[in-house]
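Read the structure below first, then the notes.
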Protein chains: 2
Amino acid sequence: MNSSQAVAPELDASCCPPPAAALSAEDARQKALVFKALSDPNRLRLLSFVKADESGESCVCDLTEPLDLGQPTVSHHLKILVDAGLLHRQKRGTWAYYSLVPGALERAAGLLTGL
Amino acid sequence: MNSSQAVAPELDASCCPPPAAALSAEDARQKALVFKALSDPNRLRLLSFVKADESGESCVCDLTEPLDLGQPTVSHHLKILVDAGLLHRQKRGTWAYYSLVPGALERAAGLLTGL
DNA sequence: CTCGTATATTGATGAAGGTCAATGTGGAGG
DNA sequence: CCTCCACATTGACCTTCATCAATATACGAG
């Protein structure tokens, strides 16, 4: 009864054809999902922290403290960013490493300039 | 008890210096305001309609019908977009004309690529 | 001044979202 | 097998938000 598999399709599309006309209700609904994932300060900071890390990936335990949030809350936010197609999750042993999906931020930016 | 004057400062900044480090809580809070304004499907469509209009501006009455929303709801969304620095409002006579703030979408996109 | 029109504001309502405490899961070590 | 650790999930609470009906405001026409 959750939305674990809901991946924003806009970020998977190879590119963004110029819309020519206005957004349809469906297009708007799906693009809004990406910006909804970006509309929380703590999620923006999570993206920032992951991107700033030298290794390019961070585990939950590294992100909990600087955000001053509980571990379940951080996991929740990370899941939203993964579902939006912005972060990638790789589990190694007990740890879960999160990394930026290459080009995802640029594609999200393209959703704006290509409105 | 409202936020009529809350203008997102990020969109007014002349440019976006490379962050070097990670986002502060305050930076994240203000940038999230812009994406929160973009996180609603109907607001994305409003931006799209305004941009697609040949004259570059649209009045509320032109936007109410294609969105299939009530007039107060459309006014509410437009206000949020104005407060976020994305739309500009100009009142002429009885009508209120909304237009895209030049470069605002590009600056919002820059908030992402410059994370 | 009065009426009609276009827009903004207020108040209420139901849905969605962020957070935490508690619990579940699954791998590593003894 | 048992225990600790990192992380995920669940359930509950409270806040925020999108929407509408009703009302207010402001302007133009007559």
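A quick note: this is a predicted structure, and the numbers were derived from the prediction, not measured. Within every chain, numbering begins at 1; the chains are lettered A, B, ... in the order of the sequence lines, protein sequences first and strands thereafter.
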Heavy-atom closest pair (A:F49 atom, A:S58 atom, distance to 0.1 Å) is O-OG, 4.1 Å
- request: Have a look at A:Y97 and say if it touches a base, only the backbone sugar-phosphate, or nothing, with a 4.0 Å heavy-atom cut-off.
  value: nothing
Whole-Å distance, A:R29 CZ to D:dA18 P, equals 16 Å
Backbone N/O of A:K36 and side chain of A:S39: donor-acceptor pair under 3.5 Å: yes
Using a 4.5 Å side-chain heavy-atom cut-off and chaining through intermediate ILVMFWY residues, the residues clustered with B:V101 come out as none
Side chain to side chain contact (heavy atoms under 4.5 Å, CB included) filter on B:R89, not counting sequence neighbours, yields B:V82, B:K91, B:A96, B:Y98
Notebook entry, point to check: Taking only side-chain nitrogens and oxygens of A:R89, does any of them come within less than 4.0 Å of OP1 or OP2 of D:dC7?
Noted result: no
Open item on the list: So that I can tick it off, tell me whether A:D27 and A:K31 are bridged by a salt bridge, with the cut-off set at under 4.0 angstrom between side-chain N and carboxylate O.
Closed with: no
Going 5' to 3' through nucleotides 17-30 of chain C and flagging B where a protein heavy-atom sits under 4.0 Å of the base, S where only the sugar-phosphate is that close, and - otherwise, we get SSBBBB---B-S--
- prompt: Within the structure, does a side-chain N or O atom of B:Y98 lie under 4.0 Å from either OP1 or OP2 of C:dA8?
  reply: yes
Taken to the nearest whole Å, CD/B:Q90 to P/C:dA8 is 13 Å
Please examine the side chains of A:C61 and A:W95, heavy atoms only from C-beta on, and report whether any two atoms are closer than 4.5 Å.
yes
